[in-house]
Amino acid sequence: MEEANVVEAKDGTISVASAFACLQEAVQDKDHKFITRAVEEAYIGVECGHGGPFGAVIVRNDEIVVSCHNMVLEGTDPTAHAEVTAIREACKKLNKIELSDCEIYASCEPCPMCFGAIHLSRIKRLAYGAKAEAAIAIGFDDFIADALRGTGFYQKAYLEIKRADGNASHIAEQVFEKTKAKFPIY
């Protein structure tokens with residue numbers, strides 16, 4: 001059996017070229033199918049007035065677990081992005097907080113918050129359609145590309161961040177030591 005080759009494309013993406021062309025085609029077909037469903041979900045969300053044009057699908061064993069769209073306007077919740085909403089719903093449906101046997105398909109490159117939620121839920125694979133610049137081009141937060149790429153070109157939001165001093169930071173750190181026995185999953 002031949003080893004897989006790592007290939008870097010001109011656009012900077014990295015993929016694994018398999019010795020088995022049919023396997024690569026099957027992955028591409030699956031990606032297309034589920035990303036198309038995420039895009040359909042994005043249209044549904046806009047039509048309903050629920051939020052921006054973003055959709056996400058969580059899949060387990062090639063079956064859709066949940067299909068969600070952005071719910072920011074519907075729930076008056078700035079964290080109700082499609083990916084976060086999908087993760088919340090999948091966790092409820094599967095009755096677990098760890099989705100390591102699942103994949104997520106997003107209509108657009110996830111923002112840092114969504115990427116963080118994907119990481120924390122231990123989802124094993126992320127596939128997305130549009131680049132963040134497509135969302136930026138129609139007015140969605142410019143910070144997305146900055147945070148993902150470490151550039152300052154799109155930066156417009158400013159936030160002061162300060163760690164607490166003295167006893168407040170000590171008390172906050174103690175909560176982890178005092179409760180660690182209650183969280184054996186981590």
Are a donor atom and an acceptor atom from the side chains of T79 and R88 found within less than 3.5 Å of each other?
yes

Once rounded to the nearest 0.5 Å, what's the spacing between atom [atom1] of [X] and atom [atom2] of [Y]?
X: I118; Y: I123; atom1: CD1; atom2: CD1; value: 6.0 Å
X: M71; Y: T76; atom1: CE; atom2: OG1; value: 10.5 Å
X: E74; Y: T85; atom1: CD; atom2: OG1; value: 11.0 Å
X: E177; Y: E173; atom1: CD; atom2: CD; value: 11.0 Å
X: I138; Y: F140; atom1: CD1; atom2: CZ; value: 5.0 Å
X: H81; Y: C114; atom1: NE2; atom2: SG; value: 5.5 Å

side-chain contact (heavy atoms from CB on, under 4.5 Å) evaluation trace for F34 with K30:
CA-CA 6 Å; F34 293 128; K30 181 175 83 165; 3.3 Å; yes

Is there a side-chain contact between I35 and S107 in this structure, where contact means two heavy atoms from C-beta onward sitting under 4.5 Å apart?
no

With sequence neighbours excluded, what pairs up with A130 under the side-chain contact (heavy atoms from CB on, under 4.5 Å) test?
C108, A134

Which heavy atom of A90 sits nearest a heavy atom of L99, and at what distance?
CB-CD1, 4.1 Å

As a test of understanding, state which of E41, R125, H32, E83 forms a side-chain hydrogen bond (donor to acceptor under 3.5 Å, both in side chains) with Y105.
R125

Checking L126 against E103 for the side-chain contact (heavy atoms from CB on, under 4.5 Å) test, could you report, in this order, the C-alpha distance in whole Å, the side-chain angles of both residues, the deciding distance, and whether it holds?
CA-CA 6 Å; L126 160 66; E103 300 171 289; over 6 Å; no

Show me the donor-acceptor pairs within less than 3.5 Å that the side chains of residues 46-65 make with the rest of the protein, sequence neighbours left out.
unit_1, atom_1, unit_2, atom_2, d
H50, ND1, H69, NE2, 2.7
R60, NH1, D101, OD2, 3.4

Can you establish whether the number of heavy atoms outside K124 located under 6.0 Å from its atom NZ is more than 12?
yes

